[in-house]
Amino acid sequence: MKKQNTPADIPEIRPGQSIDLLKELHILTRDGKLNQDTRRKLKQVYHLYQFIEPLLADAQTLVDHGAGKSYLGFILYDLYFKALDAGEIVGIETRKELVDKSRELAERLNFPRMRFLACTVEDSLTSAELPATVDVVTALHACNTATDDAIRFALTRNARHLVLVPCCQAEVAAAMRARKNEALGQTPLSELWRHPIHTRELGSHLTNVLRCLLLESHGYEVTVTELVGWEHSMKNELIIASRRPGGKPRKNARERAEAILREFNLCELAPRFCY
């Protein structure tokens with residue numbers, strides 16, 4: 001009979017980790033081994049986890065918004081919540097088929113304090129299935145405006161911490177593109193986005209700057225760093241926000257955001273970034 005690998009057999013894997021989960025995430029091969037690519041992926045998982053772990057102290061509810069296949073939630077449960085007697089992870093996803101698969105996997109892995117809701121962004125803001133206050137909100141590679149949806153959810157639910165990895169921001173770039181000719185006649189700064197590739201990159205950068213200012217205007221301390229190499233993605237900016245003591249906002253954050261929108265002729269986006 002073929003010997004089943006255990007965490008002790010694979011030095012890179014932490015004691016107690018679920019081998020079945022690591023196979024499900026394609027971090028371990030089907031026969032329970034690490035190759036060069038999967039070893040790199042495991043290091044990326046731990047790299048992400050080291051940013052999130054300090055935020056989990058005394059956390060009762062972590063909500064993974066736009067969870068997709070809920071890989072992040074499963075990793076966090078396996079590495080942190082599994083050993084505790086309290087605390088739950090809730091995955092929110094609009095696609096019911098992914099929610100059903102996550103529920104099946106949580107049951108198979110015996111992860112009882114994981115829940116999955118199939119609901120829209122709007123429904124998640126008021127759903128009675130979620131507490132009025134949550135501790136941590138995560139959104140990993142939330143495409144385009146999905147990161148903004150996670151921020152709005154976190155603000156509505158008075159989250160203590162947010163961990164965001166934005167991806168494929170297109171809304172701001174589209175607005176810049178639509179008004180490019182007008183901007184070229186108004187300000188030499190428009191040279192920053194005259195070429196299409198610069199429009200895309202500057203639009204992505206501006207999006208995250210405006211998100212940070214929004215969080216600061218609502219009383220969060222924001223740190224922006226690099227999530228190196230996650231899924232080999234170019235979109236590896238990591239935004240971590242924690243509520244300041246007393247929730248005191250940065251005094252000029254909203255004014256700075258409004259000024260940036262005016263400067264780049266994007267005032268129609270104020271409802272998304274200046275509320």
So, [X] and [Y], do they make that salt bridge, N to O below 4.0 Å?
| X | Y | result |
| --- | --- | --- |
| D20 | K23 | no |
| E122 | R152 | yes |
| R256 | E216 | no |

Q. Does NZ or CZ of R14 come closer than 6.0 Å to the centre of the six-membered ring of Y46, within 45° of the ring's axis?
A. yes
Q) Can D64 and T138 be counted as having a side-chain donor-acceptor contact under 3.5 angstrom? A) yes
Q) Would E191 and R194 count as a salt bridge (charged side-chain N to carboxylate O under 4.0 Å, His left out) if you check the C-alpha gap in whole Å, the side-chain angles of each, and the deciding distance to 0.1 Å? A) CA-CA 5 Å; E191 293 295 332; R194 181 162 62 91; 2.7 Å; yes
Measure the shortest side-chain to side-chain distance between [X] and [Y] over non-hydrogen atoms and say whether it is less than 4.5 angstrom.
| X | Y | value |
| --- | --- | --- |
| L269 | L210 | no |
| L22 | Q17 | yes |
| L55 | I240 | yes |

Q. Roughly how far apart are K180 NZ and W193 CH2, rounded to 0.5 Å?
A. 9.5 Å
Q) Do the ring planes of F81 and Y77 sit parallel (below 30°), tilted (30 to 60°) or perpendicular (above 60°)? A) parallel
Q: Assess whether ring-ring contact (aromatic ring centres under 6.0 Å, His included) is satisfied between F116 and F74, documenting all intermediate values.
A: CA-CA 11 Å; F116 305 92; F74 281 111; 5.8 Å; yes
